[in-house]
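Worksheet: one structure, shown below.
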Amino acid sequence: MREIVAANAAFKRQEIDREEAIAFFQARGEKYKAQLIQDLPASETITLYTQGEWVDLCRGAHLRATGDVGTAFKLMKVAGAYWRGDHRNAMLSRIYGTAWRDQKELDAYLHMLEEAERRDHRRIGKDMGLFHIQEEAVGSVFWHPKGWKLYRTAEAYMRRRLEATGYQEVKTPQLVDRALWEASGHWEKFREHMFVAQVEDEDKVLALKPMNCPCHVQIFRQGLRSYRELPLRMAEFGSCHRYEPSGALHGIMRVRAFTQDDAHIFCAEDQIAPETVAFVELLSSIYRDFGFESFQVKFSDRPAVRAGTDETWDRAEGALKQACATAGVDYTLNPGEGAFYGPKLEFVLRDAIGRDWQCGTLQVDFVLPERLDAEYVGEDGARHRPVMLHRAILGSFERFLGILIEQYAGRFPIWLAPVQAVVATIVSDADPYAEEVAAALRKAGLEVRIDLTNQKINAKVREHSLAHVPLLVVVGRKEAETRTVALRRLGGQNQEVLDLVDAVARLAAEAMAPDLARGDLA
RNA sequence: GCUGCUGUAGCUCAGUGGUAGAGCACUCCCUUGGUAAGGGAGAGGUCCAGAGUUCGAAUCUCUGCAGCAGCACCA
């Protein structure tokens, strides 16, 4: 690179006849470029750029000469990429680099990347002791006490939000006979991505459920349903297993065992729009509570391989589009990326390194109710097919918590923090009082640790700051005597001396989950 | 899954064809100190696993496993 830049060879543009260009690249053994030209539309002008010895097909534009690149560049990584993005094709090598106006800008960029790396949930998960993954359970999370506390806080919050908005929670089996997956169509399409279990003295083949919808339909099918029960919102924190390709695994964001905040809304066709509007409202409110003010929405329409007739797809896509309009959702189109049974909305959040992850989803499905024979009795006394709306807000707890960790770089707001307060003593004379303070905070519902170790207060402050504990409640001789506490907040430099009783009331209020603070249920 | 890279103490990482190192963390002792590291001592490793080359392998080669990056996939 440095040699090429130093040579300062001029880039020369040259227009060339199509056939001539194909012959040229063919002769040089560059068959992919020849193929590229072949596939360019006839109207396209073919241009070559020459730089010293090097001739390349390129539309341009280029710098004037290689010297213009300057010295503020860095080659970042080398990786394979499939020819034309198709895994059936050969893999070509791709070299990634970055170039900047000067060294200072390059350094700033590299520094930014390092900062982003510090937010990486895998790093923070380890540092804060939230979870780990090991070889014996690839793609599955071992949640440690603090990580599980975070998980349970999120789960309890979600459960309250769902209960408040008319969902009924259920729990369905992990192991389900293959016959059900054949009926739903998943066996045919996703068989190689399913974990299969067999028992010795039985012929049955069972699969660990990769998703919950067929099971929910089974509950819906118990007994005769009436149109009066619709929309029927059936929710489950459903544990699912999928044999994801090894290269897809990523920390806790893409795993093989995960729990969806799944729900299926069984409804009539004219209820799609109002249910979508209500869903988007709920999702937005929940994302806001978790600190995500903005998110992308993608509309994925019919894929090439799909179930259901074109007429059905027309109806499903039309209904979803109309619902988006009513809900005022701005989306970008994601052509051909829908589920095999219906179009979907994807709600996408971005991680620390700038990668996008689908979290929430809403999918309109006319196919599964048909395949699994779900029906209800309508106002007219006849049997009808319900429409199923598959929807998730967090998507999976694992992925969402991973993004949440990165969003806050481990410095969670108080309501989410796995350890909300540490009571730290300055002298051991204050130990009994510290116990009393901790007990009072605990009684008020806070997750509290107590630090009576034989260390200076400086060291304690440092330790718990590094552990991202939002509240540090310091007590020494003075506080014990006056029944006060010296409160220091994470990131703050000073402390506030409060009366113990006031402090407990105030911190309890601050630690309250946002829905409870608002009194959503009331 | 594909391509490339990586695998050494709990963590971060150094190291070398001749019996393994640092800092932090940990344990113990001293220290009771008022808001981001008080001092000292100690313990800790099948150098990812298996096979091969070699007098000798943690180091070289191969295979496997796992991780990382990108690509592909994502009900």
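Residue numbers begin at 1 in each chain, while the letters A, B, ... track the order of the sequences.
In this structure, Arg94(A) places its CZ atom 16 Å from P of rG4(B), rounding to the nearest Å. The CD atom of Glu135(A) sits 9 Å away from the C1' atom of rA49(B) (whole-angstrom rounding). Across the protein-nucleic acid pair, Gln455(A) atom CD and rC29(B) atom P stand 15 Å apart, rounded to whole Å. Between Ile124(A) atom CD1 and rC11(B) atom P there is a gap of 17 Å when expressed in whole angstrom units. Nucleotide rU3(B) holds its P atom 16 Å from the CG atom of Asp86(A), rounded to whole Å. Rounded to an integer number of Å, the gap from Arg254(A) CZ to rC68(B) P is 13 Å. To the nearest angstrom, C1' of rA72(B) lies 7 Å from CE of Met91(A). The distance from atom OH of Tyr243(A) to atom P of rC73(B) is 18 Å, rounded to the nearest whole Å.
Nearest nucleotide to the Arg462(A) side chain, out of rA69(B), rA37(B), rG1(B): rA37(B). Of the listed nucleotides (rG67(B), rC74(B), rC11(B)), rG67(B) has the atom at the smallest distance from the side chain of Val138(A). Of all nucleotides listed (rA75(B), rG33(B), rA69(B)), rG33(B) comes nearest to the side chain of Lys456(A). For Pro245(A), counting side-chain heavy atoms from C-beta on, the closest listed nucleotide (rC73(B), rC71(B), rA36(B)) is rC73(B). Among the nucleotides rA37(B), rG1(B), rG70(B), the one closest to the side chain of Tyr96(A) is rG70(B). Listed nucleotides rC74(B), rU32(B), rG1(B) differ in distance to Ser428(A); the shortest reach to its side chain belongs to rU32(B). Distances were taken from every side-chain heavy atom of Tyr82(A) (C-beta onward) to each of rG1(B), rG70(B), rA36(B); the shortest belongs to rG1(B). Among rG70(B), rG1(B), rG34(B), the nucleotide with an atom closest to any side-chain atom of Ala486(A) is rG34(B). Here the side chain of Val474(A) is nearest to one of rA75(B), rG34(B), rC11(B), namely rG34(B). Each of rU32(B), rC71(B), rA36(B) was ranked by its minimum atom distance to the side chain of Val427(A); first place goes to rU32(B).
As the counterpart of rG56(B), no nucleotide is assigned, since no Watson-Crick or G-U wobble pattern has both distances under 3.5 Å. Pair check for rU27(B) finds rA41(B); Watson-Crick or G-U wobble, both atom distances under 3.5 Å. Pairing for rG17(B) is absent, with no Watson-Crick or G-U wobble pair whose two atom distances lie under 3.5 Å. Base pairing of rU32(B): no nucleotide in any strand meets the Watson-Crick or G-U wobble criterion (both distances under 3.5 Å). In this structure, rA51(B) and rU61(B) make a Watson-Crick or G-U wobble pair, each of the two defining distances being under 3.5 angstrom. In this structure, rG67(B) and rC5(B) make a Watson-Crick or G-U wobble pair, each of the two defining distances being under 3.5 angstrom.
Comparing the P positions of rU54(B) and rA49(B) gives an interatomic distance of 23 Å, to the nearest angstrom. Separation of the C1' atoms belonging to rC73(B) and rU12(B) is 34 Å when rounded to the nearest angstrom. Separation of the P atoms belonging to rG50(B) and rC71(B) is 36 Å when rounded to the nearest angstrom. rG15(B) sits 24 Å from rC26(B) when the C1' atoms are compared, rounded to a whole Å. Using P as the reference atom, rA58(B) and rA9(B) are 15 Å apart when rounded to the nearest Å. Taking atom C1' in both rU3(B) and rA72(B), the straight-line distance is 11 Å, to the nearest Å. One C1' atom belongs to rU8(B), the other to rC13(B), and the distance between them is 9 Å to the nearest Å. Taking atom P on both nucleotides, rA57(B) is separated from rG1(B) by 32 Å, rounded to a whole Å.
Nucleic acid contact for Lys126(A): sugar-phosphate only, since backbone atoms but no base atoms lie under 4.0 Å from a heavy atom of the residue. Across all strands shown, Gln358(A) has no heavy atoms under 4.0 Å from either base or sugar-phosphate atoms. Counting non-hydrogen atoms under 4.0 angstrom, Ala339(A) reaches the backbone sugars and phosphates but no base. Within 4.0 Å of Lys344(A), counting heavy atoms only, lie sugar-phosphate atoms of the nucleic acid but no base atom. Within 4.0 Å (heavy atoms only), Glu479(A) reaches at least one base atom of the nucleic acid. In this structure, Ile133(A) reaches neither bases nor backbone, as no heavy-atom distance under 4.0 Å exists between it and the strands shown. Arg256(A) comes within contact range of no nucleotide atom at all, as no heavy-atom separation falls under 4.0 Å. Residue His464(A) is out of contact with every strand shown, counting any heavy-atom pair closer than 4.0 Å. Across all strands shown, Arg355(A) has heavy atoms under 4.0 Å from sugar-phosphate atoms exclusively, and none from any base. In this structure, Arg123(A) reaches the sugar-phosphate backbone alone: every heavy-atom distance under 4.0 Å involves primed, P, OP1 or OP2 atoms, never a base.
If you check distances only, the side chain of Ser93(A) never reaches the base of rU3(B) with a donor-acceptor pair under 3.5 Å.
When only modelled atom types and interatomic distance are considered, Tyr82(A) and Arg84(A) share no side-chain donor-acceptor pair under 3.5 Å. For Arg391(A) and Tyr167(A), the side-chain atoms include at least one donor-acceptor pair closer than 3.5 Å. Side-chain N/O atoms of Gln296(A) and Thr332(A) include no donor and acceptor closer than 3.5 Å. For the residue pair Thr172(A)/Gln218(A), the side-chain donor-acceptor check at 3.5 Å is not satisfied. Side-chain contact of Thr361(A) with Gln363(A): a donor-acceptor pair under 3.5 Å is present, judged by distance alone.
In this model, the phosphate group of rA75(B) is not approached by any side-chain N or O of Arg306(A) to a distance below 4.0 Å at OP1 or OP2. At rA36(B), one or more side-chain N or O atoms of Arg488(A) fall inside 4.0 Å of OP1 or OP2 (strictly under the cut-off).
With Glu317(A) contributing its side chain and Asp314(A) its backbone, the two residues share no donor-acceptor pair below 3.5 Å. Side chain of Tyr287(A) to main chain of Ile393(A): a donor-acceptor pair is present (N/O by atom type, distance under 3.5 Å, no hydrogens or angles).
Sorted by first and then second residue, the ring pair (Phe, Tyr, Trp, His ring centres under 6.0 Å) pairs involving residues 106-132 of chain A (not counting sequence neighbours) are Trp100(A)-Tyr109(A), His121(A)-His250(A), Phe131(A)-Trp143(A), His132(A)-Phe142(A), His132(A)-His144(A).
Using cut-offs of 30° and 60° on the angle between ring planes, the pair Phe400(A) and Phe290(A) is perpendicular.
Take the nearest nucleotide of RNA chain B for Gly85(A) and for Met194(A): the residue whose nucleotide is more 5' is Gly85(A). Annotation: of the two residues near RNA chain B, Ala81(A) and Gly251(A), the 5′-most nearest-nucleotide partner is Gly251(A).
A cation-pi contact, defined as under 6.0 Å to the ring centre and within 45° of the axis, is absent between Arg242(A) and Phe195(A).
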